[in-house]
Protein chains: 2
Amino acid sequence: MEPKQVVAALGALAHEHRLAAYKLLVEAGPEGLPAGAIAERLGTPSSTLTFHLQQLLHAGLATQRRVSRQIIYAMVPAAMNGLVGYLTENCCGGEAICAPACDPVAATVHSCKTTAA
Amino acid sequence: MEPKQVVAALGALAHEHRLAAYKLLVEAGPEGLPAGAIAERLGTPSSTLTFHLQQLLHAGLATQRRVSRQIIYAMVPAAMNGLVGYLTENCCGGEAICAPACDPVAATVHSCKTTAA
DNA sequence: GAGCCATTTCCACATTCATCGAAATGTCAT
DNA sequence: ATGACATTTCGATGAATGTGGAAATGGCTC
């Protein structure tokens, strides 16, 4: 992932409403959520929400698809992976000791619940 | 990690120079780097760099310590863990299948090189 | 094709952010 | 104490971002 994309993605997430919206999408998974449902849960006017969703789209963090009258937004898994990967790669110079974030002890609530548990 | 902190951290990273500076700190590990070294590598005027480093500090992503005439900045591992953890938690509703970012296949360049390789 | 519904576009406004030179601060060596 | 060095603070400027109402668009149902 290129630095410019990373900056765009981080910038897109760096806002209260957008982060909240994104989190809803993450929790919703591949099925996504219609714009209206997001607006309702966040309590923002629709025009404002559209503005924020566009940012997520433009940053490549989400996709849009139409289902009859509704427009459904969903997260883009690869983008999240790219983001997390970029932030953590070469941590501490790429040492093997290097935990998710250079501190095995503090690394409790981390994403790597892939295999076990 | 509280949403407000996450937004602050993301906002701090959502800038070309700050992301670059932060990456230097991540790669440098716990020892950190003096402000001057960062400024030199990024090619920004010192006053501008200070501005950006303050943002990282204020967001809790970095720490500052003085060593004689230099001021040394270092990353805060727990902050990175918190950030990554927040973004990925409850992915796809907390399913066990849920890889780092809901897509095991795409999750190649991820942080979990902890143990092996 | 009339009317309703979900969502987006347009617009104008206030706010916040980024930049960098010049001057100030803190620290060390002599 | 003086001078040199590393870094920060100040201040002014231009640019980008967030907001929400009103109007426009695309799509379904009757």
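Throughout, a chain's letter reflects where its sequence line sits, starting with A, and its residues are numbered from 1. Hydrogens, waters and symmetry mates are skipped; everything else that's a heavy atom, side chains included, is used.
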B:Thr48: side chain to side chain contact (heavy atoms under 4.5 Å, CB included) partners, not counting sequence neighbours: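 With neighbours one apart ignored, the set is B:Pro45, B:His52.
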
Minimum heavy-atom distance [X]-[Y], with the two atoms named:
| X | Y | answer |
| --- | --- | --- |
| B:Gln70 | B:Pro34 | OE1-CB, 3.3 Å |
| B:Leu83 | B:Met1 | N-SD, 3.5 Å |
| B:Leu33 | B:Ala28 | CG-CB, 3.8 Å |
| B:Tyr73 | B:Leu25 | O-CD2, 3.3 Å |

Need to verify one output field. Residue with the more 5' nearest nucleotide on DNA chain D, B:Leu49 or A:His17?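 In this pair, the answer is B:Leu49.
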
Would you list the atom pairs, donor with acceptor, under 3.5 Å between side chains in residues 4-17 of chain A and any protein atom, with sequence neighbours excluded?
unit_1  : atom_1 : unit_2  : atom_2 : d
A:Gln5  : OE1    : A:Glu2  : N      : 3.1
A:His15 : ND1    : A:His17 : N      : 3.1

First-last contacting nucleotides on DNA chain C - partner chain A, under 4.0 angstrom, heavy atom: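 Range of nucleotides touched by chain A: C:dC4 to C:dT9.
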
Using modelled atom types and a 3.5 Å cut-off, is there a donor and acceptor pairing between side-chain atoms of A:Lys23 and backbone atoms of B:Tyr86?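 Side chain of A:Lys23 to backbone of B:Tyr86, a donor-acceptor pair under 3.5 Å: yes, one is there.
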
Main chain of A:Ser68, side chain of A:Arg66: is a donor-acceptor contact present, judged purely on distance under 3.5 Å?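 Yes; judged by distance alone, with no hydrogens or angles, the pair exists.
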
Quickly work out the [X] [atom1] to [N] [atom2] distance and round it to whole Å.
| X | N | atom1 | atom2 | answer |
| --- | --- | --- | --- | --- |
| A:Gln70 | D:dT29 | CD | C1' | 15 Å |
| B:Phe51 | D:dT8 | CZ | C1' | 13 Å |
| B:Ile71 | D:dC5 | CD1 | P | 18 Å |
| B:Ile72 | D:dA6 | CD1 | P | 13 Å |
| B:Arg65 | D:dA6 | CZ | C1' | 16 Å |
| B:His52 | D:dT8 | NE2 | C1' | 14 Å |
| B:His58 | D:dT9 | NE2 | P | 13 Å |
| A:Leu56 | D:dG18 | CG | P | 11 Å |

Measuring from the side chain of A:Arg69 (C-beta onward, heavy atoms only), which nucleotide among D:dT7, D:dT19, D:dC28 has the closest atom?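 The closest nucleotide is D:dC28.
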
Where the side chain of A:His15 is defined as all heavy atoms beyond and including C-beta, which of D:dA6, D:dG18, D:dT7 is the nearest nucleotide?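 The nucleotide sitting nearest to the side chain is D:dG18.
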
Measuring to OP1 and OP2 of [N], would you say a side-chain N or O of [X] lies under 4.0 angstrom away?
| X | N | result |
| --- | --- | --- |
| B:Tyr73 | D:dT8 | yes |
| A:Gln55 | D:dG18 | yes |
| A:Ser47 | D:dG20 | no |
| B:Gln54 | D:dT9 | yes |

Heavy atoms only, 4.0 Å cut-off, all strands: where does [X] land among base, sugar-phosphate and nothing?
| X | answer |
| --- | --- |
| A:Glu40 | nothing |
| A:Ser68 | sugar-phosphate |
| B:Glu16 | nothing |

